[in-house]
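Lettering follows sequence order; numbering is per chain, from 1.
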Amino acid sequence: MSEHQHNDLVQRRIEELHHLREAGINPYPVAFGKTHSTGEARNLFSDEQPDAHPVVAVAGRIMAIRRMGKASFFQIQDETGRIQCYLKKDDLPDFYDHFRLFDIGDIVGVEGYVFKTRMGEISVHTTALHLLCKSIQPIPIAKEETDADGNTVIYDAFADKELRYRHRYVDLIVNPHVRKAFVQRSTVISTMRRYFDERGWMEVETPILQPIYGGATARPFVTHHNALNIPLYLRIADELYLKRLIVGGFEGVYEISKNFRNEGMDKTHNPEFTAMEIYVAYKDYLWMMDMAEDLLRTVCFAVHGSHTTTVGGTEISYAEPFRRIRMMDEIAKAAGADVMGMSREDVLALCRSHKIDVAGNAPWSKLVDELFSSLVQPNLIQPTFVIDYPVEMSPLAKAHRTDAGLVERFELYINGAEVANAFSELNDPIDQRQRLEQQAQQRADGDDEAMVVDEDFLFAIETGLPPTAGMGIGIDRLVMTLTDNDSIRDVLFFPQMKPER
RNA sequence: GCUUUCGUAGCUCAGCUGGCUAGAGCAACUGACUCUUAAUCAGUGGGUCGAGGGUUCGAGUCCCUCCGAAAGCACCA
């Protein structure tokens, strides 16, 4: 701690701290009897009764001070916003000089009454001021002005991304739009949870530390359990455990889980991220599509009070029935050829003819995926379900009821990004074993993201999984589209950073 | 992992083809001011220019290595 930044600004504040103590003021008292939020206090004032002078005790962080000799104005900020406070020496003759030792960033409690200044700002006329926490690190001061058109203009906003992510608490104090995005994130999650709970589906918890990882194609983090002396993997997906619970007799389960993937980081990838997975027995992917659509419409409304939102200047509507398109149809339209039944070599040539850079030894499914990602996905701006994927790309999805070679699967795309992935779950144990063995073969052939055979999972499927629909939603990416942020770091409180040195 | 760009005061930023003691605004400090609001006015202090090395008479500026970040690419969700 002593190696902390000890610049002159910090030194100055530590001295002030000592002076306050000498004056008999405890800079770190235990509590404060707050009666109103700043927002509530502001609402107490009415122009019909300007002399009502409702009495309040509000608390918050000092964000601005304007000293004018024997009177001062300061603004305090709490969860609901800011309110100006007015303090004059006549009211607090013994205390007023101590206020000189208060700084921007200190947390105070203010007792007083609500009034409106001559300049028309609703304020608290201070009758007692309590220091609740002396801050010794200065916070960045972004000044705000309301221009003639009523727009808030911010000067010198705290903008350095590295500092904002490393000191997120400062970012949250100083940048209201950052706070707002995280409130919206919380609304997304709480709305989903309520939606599922109301329908009788049960929230569950499954292991994060797993002896065998599965449910997705990804590279895991590995750790070691000392007492058992075995490697354990941090989960990459919930799927296999949640299906075991459906086997066990629960008919609707969901989990909001942190997953971990040991891969590169960029605007859309953080090594730990949040997924929601839900499984409902006796349903299929068509039912799940309807549910997903209703769910997202509900979530959007909870966040925005509207069924539309704007991302990067483009309006996204959750109101209309979402478009549903078949993957193979779209690839055929965009690439000019039906890839079903085409040889790997022909699909490779097709990729090359569209100038898609792919490895020459990539498997058929990978090539088809590339065609889709390059030619179709970027155009899926409005919420769109892409349905019926090739079986090679979906080792856990049930074979399509009518179309050979396909599975009953959909992915939901919004603003060109995949937000949900779902299928009619594969419950044919013979088929499932073959699919996993295929994965194992790919793995043996050098694909280190292919799945591992999980014998206990197969045992569960052999025990009997009812017909079941399952879906995963990438919460971070959904929140990005709902908060108009194009970087995942802006919807994670503490995105992964390299340590400073 | 690769490529490019960036790192100057607590914060936001200037600093030219290398050239006097590295600047500004906000914040801080001293003083004035009892309804201000980007308060105002007068004055003061504050820097290992990310770190280390090199070239040069001279480096914030040019070169190299390292650290950190951002954007793009690759991989993935």
Side-chain angles (χ1 to χ4, degrees), chain A residues 5-13 15-16 63-75 82 84-93 96 100 103-105 115-121 123 125 135-147 152-167 170 174 215-220 236-237 259-275 357-359 366 369-370 373 411 413 417-421 447-449 472-478 480 486-489 495 497-501:
Chain A
Q5 268 184 311
H6 267 213
N7 59 56
D8 58 333
L9 296 175
V10 173
Q11 283 302 338
R12 177 77 216 168
R13 283 165 174 239
E15 283 168 27
E16 285 173 350
M63 299 303 289
I65 302 179
R66 294 181 280 276
R67 301 175 201 274
M68 303 173 348
K70 298 188 180 63
S72 296
F73 290 91
F74 57 98
Q75 282 186 326
R82 296 184 184 183
Q84 177 175 264
C85 302
Y86 175 57
L87 178 66
K88 63 176 180 175
K89 187 163 186 176
D90 288 351
D91 295 331
L92 294 144
Y96 191 80
R100 295 161 59 90
D103 286 299
I104 289 172
F115 75 114
K116 195 180 238 181
T117 65
R118 275 178 216 156
M119 299 300 287
E121 177 150 350
S123 307
H125 190 121
S135 160
I136 61 169
Q137 279 290 353
I139 57 172
I141 358 76
K143 296 211 165 189
E144 297 180 6
E145 182 189 27
T146 306
D147 68 12
T152 301
V153 186
I154 298 179
Y155 299 86
D156 299 338
F158 181 47
D160 184 295
K161 287 193 174 191
E162 183 173 359
L163 282 177
R164 285 182 44 223
Y165 298 147
R166 289 193 194 279
H167 300 302
V170 175
V174 166
T217 52
R219 290 204 300 268
I236 58 172
N259 294 349
F260 307 85
R261 298 191 184 174
N262 205 342
E263 286 157 357
M265 295 161 54
D266 60 28
K267 274 166 83 163
T268 56
H269 298 84
N270 194 67
E272 60 181 287
F273 64 100
T274 303
D357 189 26
V358 286
K366 173 76 184 161
D369 194 32
E370 284 295 329
S373 319
E411 290 193 323
Y413 288 85
E418 181 197 335
V419 165
N421 181 22
D447 181 356
D448 62 356
E449 286 178 350
I473 292 181
I475 296 294
D476 310 289
R477 290 182 179 178
L478 175 61
M480 285 165 64
D486 66 356
S487 172
I488 195 169
R489 299 180 199 101
M497 303 284 277
K498 279 199 183 182
E500 288 178 291
R501 261 193 338 115

Protein-nucleotides 27-29 of chain B N/O pairs closer than 3.5 Å?
| from | atom 1 | to | atom 2 | distance (Å) |
| --- | --- | --- | --- | --- |
| rA27(B) | OP1 | Lys143(A) | NZ | 2.8 |
| rC29(B) | OP1 | Glu16(A) | OE2 | 3.2 |

Practice item. Indicate yes or no for a side-chain donor-acceptor contact from Arg261(A) to the backbone of Ile236(A) under 3.5 Å, with no hydrogens or angles considered. Key: yes

**Study point:** Value in whole Å for how far the P atom of rU37(B) lies from CD of Glu121(A)
**Key:** 11 Å

Review point. So which nucleotide from rC11(B), rU36(B), rC33(B) ends up closest to the side chain of Lys70(A)?
Key: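 Within the option list, the nearest is rC33(B).
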
Check your understanding: Looking at rU37(B), rA71(B), rC75(B), which one has an atom nearest to any side-chain atom of Glu370(A)?
Key -> rC75(B)

Exercise for review: Choose from rU37(B), rU12(B), rA69(B) the nucleotide whose nearest atom is closest to any side-chain atom of Met497(A).
Suggested key: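 Ranking rU37(B), rU12(B), rA69(B) by closest atom to the Met497(A) side chain puts rA69(B) first.
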
Review point. Of all the base pairs, Watson-Crick or G-U under 3.5 Å, which form stems of three or more consecutive pairs involving RNA chain B?
Key: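 Stem list for RNA chain B: B:1-7 with B:67-73, B:10-13 with B:23-26, B:28-32 with B:40-44, B:50-54 with B:62-66.
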
Practice item. Could you please name the option among rA69(B), rA77(B), rU36(B) that lies closest to any side-chain atom of Arg166(A)? Key: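 Out of rA69(B), rA77(B), rU36(B), the nucleotide with an atom closest to Arg166(A)'s side chain is rA69(B).
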
Practice item. Would you tell me if any nitrogen or oxygen in the side chain of Arg261(A) comes within less than 4.0 Å of OP1 or OP2 on rC75(B)? Key: no

Exercise for review: Would you kindly give the CZ-to-P distance between Arg66(A) and rC26(B), to the nearest whole Å?
Suggested key: 15 Å

Point to revise | Out of rU12(B), rU37(B), rC35(B), whichever nucleotide has its closest atom nearest the side chain of Phe115(A) | key: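 Looking only at side-chain atoms, Phe115(A) lies closest to rC35(B).
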
Study note, to complete from the structure: With B for base contact, S for sugar-phosphate-only contact and - for none (protein heavy atoms under 4.0 Å), nucleotides 3-9 of chain B reads -------

